[in-house]
Structures are given as C-alpha cells and as structure tokens.
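Worksheet: one structure, shown below.
Numbers here simply count residues along the sequence, with the first being 1. Worth knowing before you read on, the calculation uses all heavy atoms, side chains too, and leaves out hydrogens, waters and symmetry mates.
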Amino acid sequence: MRATPADVSKTAGRPFAAILLAVAALCLAAPASAAAPPVIEAPAGLVRGSVEADVRVFRGIPYARAPVGDLRWRPPADLPPWPGVRDATRFGAACMQPRTPFVDYAAISEDCLFLNIWTSVEARNAPVLVWIHGGSLVSGAGSEAIYDGARFAAQGVIVVSINYRLGALGWLAHPALSAESPDGVSGNYGLLDQIQALRWVRRNIAAFGGDPERVTIAGESAGALSVTYLMAAPPARGLFQRAIAQSPYLITTPALRDGAFADWPDAETVGVAVAGQIGAADLPALRRMDAEALITAVGRTRYFPLGVIDGQTLERQLVEVFDRGEQAPVPILAGYNEGEIRSLRFLLPPPPADAAAYVREIRARYGDLADAFLQRYPAGTMAESMLATTRDALYGWSAERLAASQTAVGAPSWLYYFDHGYPAADGADLRAFHASEIPFVFGTIGTTPSWWPRIPRDVREQGLSDAMLAYWASFARDGVPRAPGAPAWPAYDQARAYMAFEDAPRPRAGPPNGYSLHEAVVCRRRARGDVAWHWNVGVIAPPLPPSTPGCDHHNQLEEPF
C-alpha cells in the first residue's frame, strides 16, 4: 500500500510528529504479502514464489514430465525448461490414492510429480533437507501442513518436500511392463521418481540458495523405507550426503521374478494377479483405465506396494546390502516411537485366549529362543507385549540396524527413541503413536490435522519441539545433531547410545527394542532362505529355523521390558 498525493495533502497542517505517525501507520498496515514475489532463475526455468515472514516459499514445481498416458508405468522423464515465468504459489496435486476423510487435498491427480521449497530470504550455500512423506507407499503428499518447512528455513536449512507415484501406479511390476523396458525390469517407479527429484535438486537448488553437496534425505514410515531404498540404490549414489530415517522398516523386499519366499510372492506374479482381478486383459487395457477407477479397483485386491529387487535399482535385500557394506556410507539419524502400533493395530494378530495360550504359541514358534522372547515380552502383560513385539520387530530393530550398519562402515550414527506423551494422546491410548514425532521435528505442533490428538501449546511441548527441530537442523547442517541448551546427543557407537525424547531430551544407552532377539530371528530366517521377515512375529511367527552359525552370537539377552 502506498500513500497517495491526497493522503499527503491532508497532513500539511499537522505537526511533523503526526505526519510520521501517519506514514508509520500506512507502512504497518501493509500486509506481509505486499513484499515483491521472488522470481528465481533456475536451470529448470523461471519460477515465481511468495514471501511469508522472511521465508521464500515455492509450491508445486514440477520435476518431471507428467506420468500419464503412455508414460504411465515408465521411469520419470526429464521435463524441458518451461517458457516464461511459472507460478509456484500453490501446491500441485497429490498423487493418485484412495480417498480418505483424514486428509483433504485440494486436488488428486496422476499428474503429480511436484516438489515444494522453503528457503530463507538470506540463504546462501545452505544445507538442504529433502522430505519424503510416509503413507505405506499408498497415500500422502509433500503438501501436508505438518511438513511445512518454514521453521527449518528460519534455522538456515532449505526444505524440499516431494510427491512420488503411489500404490499400483508407483510400484506395480508386470511381465508385460518388464518386456517393454530396455532393462527388462518393472516396478520401483515411485523410487525412480524420488531419484529424479534428487537429480532435480542437484541441478537446481543452488538457484534457491542451497548447497547441492549438503543434501539430507529424510522421511518417516514409508518415507523412511524410501530412505533405505535410496541408500541401497546405485542410481542414487552421490545425490545425498546424509540420511534421516524416522520409523523405518527393513522388511523383506519381493524379487521381480523367481522369488524364493513361499509367503512373499515375486512382484511380477503379483502384478499378473492384480491385473486379472481388476479386469485388465493386457498392458494396453491397463494403460487405458481411468486412474481413479484403477486405484479404486486395486484397493479391492490385496495388493501391497513395495520396492522390487530388480538387479538395477535395488540389487539385493536391504539387510544384505547393509551387511555387505554396499550402501551409501553417509551419516544417519534414525529412530522409532514407543507407541508405533497403538495407531497401527491392524498389524497385530488376534490375541490368544489367555496367558497360558500365549506362552504355548511362543514356545511352539520360537523354540530355543522362547525363554528369551518371554523374558522380553512376558505373558503377564500380554496386550502390551504384543504391541511391543510388532513395534520392535518392525521399527525398533530396523532403526538400530541402520545405526549399527552405518557405524560399521565408519559413518557417524545417531539413534533416538520417541517416548513422549501428552493428555489428549495418552487419554486415547495413543502415547507416542506412529508419526507423532513429526510435528515436533517440523515445529508444526500448532497446525496438526483436526483428527490428531491435540498437542498443548505450553512451554513443555514447545521446548521439546524446539530441541528436536534444532537437533534435526544441525544434523542436516553438519552431520552432528546439536541443540542449544539441550543435552549432547551421544553417537551410537559400541555403547548403543541413543537419545530418549520424553518430557525432554535425555541421553541413554541400550534402547528398549529387543534388538539381539530380533537380529537372531532375522538372521536365522535369512540363512534358511525361504522365510520372509516383516510383521509375521510373536504368536503368528513361522516356526523358528534351527540355530545357525553366525546368527546366535546376537543372543545376548537382554534389557528389562
């Protein structure tokens, strides 16, 4: 807003102080949006964003051609520089996914390969954090309010949040798709999207004030799974220098074809079955299907998207990659939550009739490790034991496995355990539920969705959020998590050190996750070669293979429950 000549003439007879007050009032009345919209000249093209409280925000920037029509189920294609100035003041569409009352996106489309950038107006060679959203590789988007990167940007860290293809459109493998591929493979399209986004960041982020040599990949749940895929994927090598995995799960990855796991069919076999179940006779029929109709039809099947071991993007099982030291040797920050399964109870098996039945099931399934199992997950607290079993086998073991594996290749590693409760969550039996750490990390505790247990706006919650945000920002900045006024975070190393986020950050050693037990179980299953490892644990675990050389040295059991 500007003062007009008429405004000035009206002040002519007033004291000078009054004139100053009038001018000040006009200036203060001007909205923040009055700042000139920033226009960035990047290799991808000219892009116009917005300024919001000293943070430049660019929303809905495409990083690849729209994967529609004949580009459905193909690797992402480079997007040529666009002509003119592209408006980047609104988020792009979320990728195709089932409609849900929990998240109301402005648009959902197959044309969805967009990213968003938050950067300080003063950013120069700033570290970059690329956020990969969770959602079981089925749902989610980088535009969700709890992923707002403004608080990171205020700490000098650029945030880039990305979309990637989901569900069958992002992860389906099929023999016909493999046949048309120059490499003879299919699946992993969502992972290839993530790699394409990282390539875009490498080429363009300097124009936004970022340092392409200081990129941290970060994600939660399926986003953390994606982080581990990227660490294992040869095509992603060199595109990032650090990694953050919040609630990762290193479960069995299906093979493209000729899989060895009886309970985990290979990806092409699954693709043929899914195509048959949704009435698509061939590949042209699959490509002709309306995207929303396809997603709805696939939702009625038992299809569960995962990466595919294709010998190209993913060469072998994640655990094997990390055992062989073939992963990206980058510093890692990884962790899990106390209440992961409290909000994921569909992963739990039906409970046994009573404690005696629970003990019988465990002894039948865990053999010589049953005593150790029952010490860690006792029958006397069966309900809590079942929650903890699935939590530890999926998330606790995976997080520590990443820290241990990176330590083994000489990369600094940092482990955490989020065990923070507050009245609304605790009252709903959702203490430290899956994903509940995210708003504390992003500093968005005041903008959680309406269905999220309301976080109090008080000194304790704000203090914990400030500390977590600072730790994460520091890790993105120089690979070491530090927070002003908060405890030093010890590296994982041989002491199994970790940071417990309770009412405040508290350094500890020996995380409560049954690590040795679950490592021994996974090791034996891998040695046998045909038994998968995922949430098939506890009272539904397949019979444990016999003791195997090289596995049972892990059985140094264990911490108290």
Side-chain angles (χ1 to χ4, degrees), residues 37-40 42-52 55-69 71-72 74-100 103-119 128-135 137-150 153 158-167 169-170 189-201 203-205 207-208 210 219 222-223 226 291-292 295 442 447 449:
V39 176
I40 298 296
L46 292 167
V47 57
R48 178 190 299 111
S50 58
V51 176
E52 302 169 11
V55 174
R56 297 182 300 174
V57 186
F58 303 85
R59 299 178 171 95
I61 301 175
Y63 64 84
R65 293 177 61 189
V68 300
L71 294 183
R72 179 186 286 180
R74 293 188 191 276
D78 288 340
L79 183 70
W82 50 76
V85 180
R86 182 178 182 89
D87 180 73
T89 58
R90 293 181 295 178
F91 289 118
C95 289
M96 291 304 307
Q97 57 194 274
R99 303 280 177 171
T100 169
V103 181
D104 184 21
Y105 300 115
I108 297 177
S109 172
E110 196 171 4
D111 179 3
C112 64
L113 298 185
F114 300 104
L115 54 78
N116 317 293
I117 301 173
W118 289 263
T119 176
V128 181
L129 186 147
V130 177
W131 179 257
I132 307 169
H133 69 78
L137 304 180
V138 172
S139 62
S143 57
E144 293 182 25
I146 58 171
Y147 305 148
D148 187 290
I158 295 176
V159 169
V160 180
S161 68
I162 68 172
N163 292 350
Y164 55 94
R165 281 175 282 182
L166 302 167
L169 289 171
Y189 304 108
L191 178 56
L192 294 172
D193 292 343
Q194 295 167 13
I195 295 172
Q196 179 79 359
L198 289 171
R199 289 174 176 151
W200 190 98
V201 167
R203 290 193 298 264
N204 291 274
I205 204 63
F208 297 84
S226 297
E292 187 161 3
I295 290 296
F442 275 85
T447 56

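In this structure, the side chains of L137 and S226 come closer than 4.5 Å at one or more pairs of heavy atoms. Side-chain contact between L169 and C95 is absent, with no heavy atoms from C-beta onward closer than 4.5 Å. I162 is listed as a side-chain neighbour of I132, based on a closest heavy-atom distance under 4.5 Å.
Every residue two or more places apart in sequence or in another chain that forms a side chain to side chain contact (heavy atoms under 4.5 Å, CB included) with T447 is listed here: T444. Applying the side chain to side chain contact (heavy atoms under 4.5 Å, CB included) test to V138 and every residue at least two apart in sequence or in another chain returns P98, S136, P305. Applying the side chain to side chain contact (heavy atoms under 4.5 Å, CB included) rule to A88 yields the partners V47, F58, I61; only residues at least two apart in sequence or on another chain are considered. For A207, the side chain to side chain contact (heavy atoms under 4.5 Å, CB included) partners two or more places apart in sequence, or in a different chain, are I40, A42. In terms of the side-chain hydrogen bond (donor to acceptor under 3.5 Å, both in side chains) criterion, Q97 has no residue partners (sequence neighbours excluded).
Under 3.5 Å, the side chains of Q196 and Y164 contain no donor-acceptor pair of N or O atoms.
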**Study point:** Candidate pair E292 and R99, rule salt bridge (charged side-chain N to carboxylate O under 4.0 Å, His left out), full reasoning
**Key:** CA-CA 9 Å; E292 187 161 3; R99 303 280 177 171; 3.3 Å; yes

Check your understanding: For V201 and V130, what are the C-alpha separation, side-chain angles and deciding distance, and is it a side-chain contact (heavy atoms from CB on, under 4.5 Å)?
Key -> CA-CA 9 Å; V201 167; V130 177; 4.3 Å; yes

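Annotation: the span from S143 atom OG to H133 atom NE2 amounts to 8.5 Å, rounded to 0.5 Å. Between the CG atom of L166 and the CE atom of M96 there is a distance of 10.0 Å, given to the nearest 0.5 Å. We find the CZ-OG distance between R59 and S161 to be 9.5 Å, quoted to the nearest 0.5 Å. Remark: L113 CG to Y63 OH distance equals 4.0 Å, nearest 0.5 Å. Between C112 atom SG and R165 atom CZ the span is 7.5 Å, to the nearest 0.5 Å. Separation of atoms CD (E110) and CD1 (I295) is listed at 8.5 Å; rounding is to 0.5 Å.
Between the side chain of N163 and the backbone N or O of A141, no donor-acceptor pair lies under 3.5 Å. Not a single donor-acceptor pair under 3.5 Å links the side chain of D111 to the backbone N or O of A66.
For the pair A222 and G135, the tightest heavy-atom approach, listed with the atom from each and the gap, is CB-N, 3.9 Å. Taking all atoms of both residues into account, the shortest heavy-atom contact from G84 to L46 is O-CB, 3.5 Å. Residues G140 and E144 share a closest heavy-atom pair of CA-OE2, 3.4 Å. For the residue pair W200 and A44, the shortest heavy atom distance occurs at NE1-CB, 3.6 Å. Annotation for P449 and I146: closest pair CD-CG2, 3.9 Å, computed over non-hydrogen atoms.
When each of W131, W118, F91 is paired with Y147, the ring-ring contact (aromatic ring centres under 6.0 Å, His included) condition holds for W131 and for no other. A side chain to side chain contact (heavy atoms under 4.5 Å, CB included) with T119 is found for one member of V160, V55, I158 and no other, namely I158.
Residue pairs meeting the side chain to side chain donor-acceptor pair (under 3.5 Å) criterion with at least one member in residues 79-93, sequence neighbours excluded: D87-T89.
Counting non-hydrogen atoms of other residues, nucleotides and ligands closer than 6.0 Å to CZ of R65 gives a total of 12 or fewer.
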